[in-house]
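Reading through the structure tokens given below for one structure.
Heads up: numbering here begins at 1 and tracks the sequence.
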Amino acid sequence: MPIATPEIYNEMLDRAKAGKFAYPAINVTSTQTLHAALRGFAEAESDGIVQISTGGAEFLGGQYKKDMVTGSVALAEFAHVVAEKYPVNIALHTDHCPKDKLDGYVRPLLAISQERVAAGRNPLFQSHMWDGSAETLDHNLAIAQELLAEAAEAKIILEVEITPTGGEEDGVTHEINDKLYTTVEDAIRTAEALGLGEKGRYLLAASFGNVHGVYKPGNVVLRPELLKELAEGVAAKFGKQDPFNFVFHGGSGSTKEEIATALENGVVKMNIDTDTQYAFTRPVADHMFRNYDGVLKIDGEVGDKKTYDPRSWGKLAEGGMAARVLEACQDLRSAGTRLK
């Protein structure tokens, strides 16, 4: 199947919300990690989301220029070709983009998709994220209003993060403290500024104690039940039940019970990066240790080409990451739900 059209992407999100499941959103940084994500979704019989962060886009742009737009466009175009060989629908998304990178990342990508739509084609990406969590809420929502209008013109869904996620992601750092919990007032102000769909569809990354990075279960105090309070508070004021499509950030190390509670309370997308990075790298490390004399030309020897050929360990890396994507689909209940 090809990359999801705007209509298919909307249907994917609607089905997730109605069915109380979520799509893993897998960060990729290469054609190989892209294939790993696509393979994992296909093996799970789940549609899904593939996303590129600013750091990932910079890496994809090559270390000579590190151009984020070039890197993300190149991988997106590649994805449009290879995704047709996988029996699932895939949405392309750009992850965390703070204010200082908007002009060098999201805005140019929006312009590209606007041109494509004006020419009768589908947008290059299906959604983009604006991360204004480091700004005041008023300033955050003012920029979000502008971006939402531009995204709607390009048939793109906007993701907004209204309050911080703890830890560090691509150079953006937030302390782990009480500010990591969105309030009902924050949610109401968001609905007042962005509407509830009439101004354009958006995904909401609300904070319920989320933290980026690597943490053992129990080390981060998640309160996914808070999402229900936010939804009920907005519903009481605006008269629209289940008003938000929530995104779960910083999910590494979450318990299955916490994930299940988040799904019951409106999460339709869960970002996964740290766990899949490890799943990709772990088989490579194992291969290198097991074949130390082969991958290195030690003491004047010639090594073993079969072991240092990137394909030999690259296949293992793809398999490891694909297995972790499959596991994520099972945890998020999206396995077996693909659109036919």
Exercise for the section: May I ask you to check whether Phe208 and Phe248 place their ring centres under 6.0 Å from each other? Expected result: yes

Handout entry: Heavy-atom pair with the smallest gap, counting every atom of Val82 and Leu38
Key = CG2-CD1, 4.0 Å

Problem - Any donor-acceptor N or O pair under 3.5 Å, side chains Asp95, Asn27 - result: yes

Exercise for the section: Mind running side-chain hydrogen bond (donor to acceptor under 3.5 Å, both in side chains) on His139 and Lys99 for me, showing each step along the way? Expected result: CA-CA 10 Å; His139 189 43; Lys99 181 182 176 181; 2.9 Å; yes

Exercise for the section: Could you label the plane-to-plane angle of the Tyr202 and Phe244 rings as parallel, tilted or perpendicular, counting under 30° as parallel and over 60° as perpendicular? Expected result: tilted

Practice task
Check the pair Thr136 / Asp138 against side-chain hydrogen bond (donor to acceptor under 3.5 Å, both in side chains), numbers first and verdict last.
Solution key: CA-CA 5 Å; Thr136 65; Asp138 284 344; 5.7 Å; no

Practice task
Look only at the side chain of Ser312 and the backbone of Thr307, and say whether a donor-acceptor pair between them is shorter than 3.5 Å.
Solution key: yes

Handout entry: Charged N-O contact under 4.0 Å between Arg311 and Asp309
Key = yes

Handout entry: Lys20, NZ atom: more than 12 neighbouring heavy atoms under 6.0 Å
Key = yes

Practice task
Check whether more than 12 heavy atoms from other residues, nucleotides or ligands sit under 6.0 Å from atom NZ of Lys237, and answer yes or no.
Solution key: no

Handout entry: Flag, side chain of Lys269 to backbone of Val247, donor-acceptor distance under 3.5 Å
Key = no

Handout entry: Residue pair Ile188 / Val234: nearest heavy atoms and the distance that separates them
Key = N-CG2, 3.9 Å

Completion exercise
In short, side chain to side chain donor-acceptor pair (under 3.5 Å) pairs touching residues 72-93 with sequence neighbours left out are His35-Tyr86, Asp47-Asn89, His93-Ser127, His93-Glu159

Exercise for the section: Please answer whether the main-chain N or O of Met321 pairs with a side-chain N or O of Thr276 as donor and acceptor at a distance below 3.5 Å. Expected result: no

Exercise for the section: Please name the pair of heavy atoms, one in Ala206 and one in Leu230, separated by the smallest distance, quoted to 0.1 Å. Expected result: CB-CD1, 3.8 Å

Problem - Expected output: side-chain Gln32 to main-chain Gly314 donor-acceptor under 3.5 Å - result: yes

Exercise for the section: Count the heavy atoms of every other residue, nucleotide or ligand shown that sit under 6.0 Å from NZ of Lys315, and state whether that count exceeds 12. Expected result: no

Handout entry: Heavy-atom donor-acceptor pair, Arg201 side chain to Leu158 backbone, under 3.5 Å
Key = no

Completion exercise
Note: with side-chain heavy atoms under 4.5 Å as the link, the other cluster members for Ile298 come out as Val284, Met288, Tyr292, Val295, Leu296, Tyr308, Trp313

Practice task
For residues Tyr9 and Gln126, determine if any side-chain heavy atom of one lies less than 4.5 Å from a side-chain heavy atom of the other.
Solution key: yes

Practice task
State whether the side chain of Asp186 and the backbone N or O of Thr182 hold a donor-acceptor pair below 3.5 Å, judged by distance alone.
Solution key: no

Exercise for the section: Indicate yes or no for a side-chain donor-acceptor contact from Asn291 to the backbone of His287 under 3.5 Å, with no hydrogens or angles considered. Expected result: yes

Exercise for the section: Scan side-chain atoms only and decide if His128 and Thr94 contain a donor-acceptor pair under the 3.5 Å cut-off. Expected result: yes

Problem - Backbone of Ile259 reached by a side-chain donor or acceptor of Ser254 within 3.5 Å - result: no

Practice task
Might you confirm whether atom CZ of Phe78 has over 12 heavy atoms from other residues, nucleotides or ligands at distances under 6.0 Å?
Solution key: yes

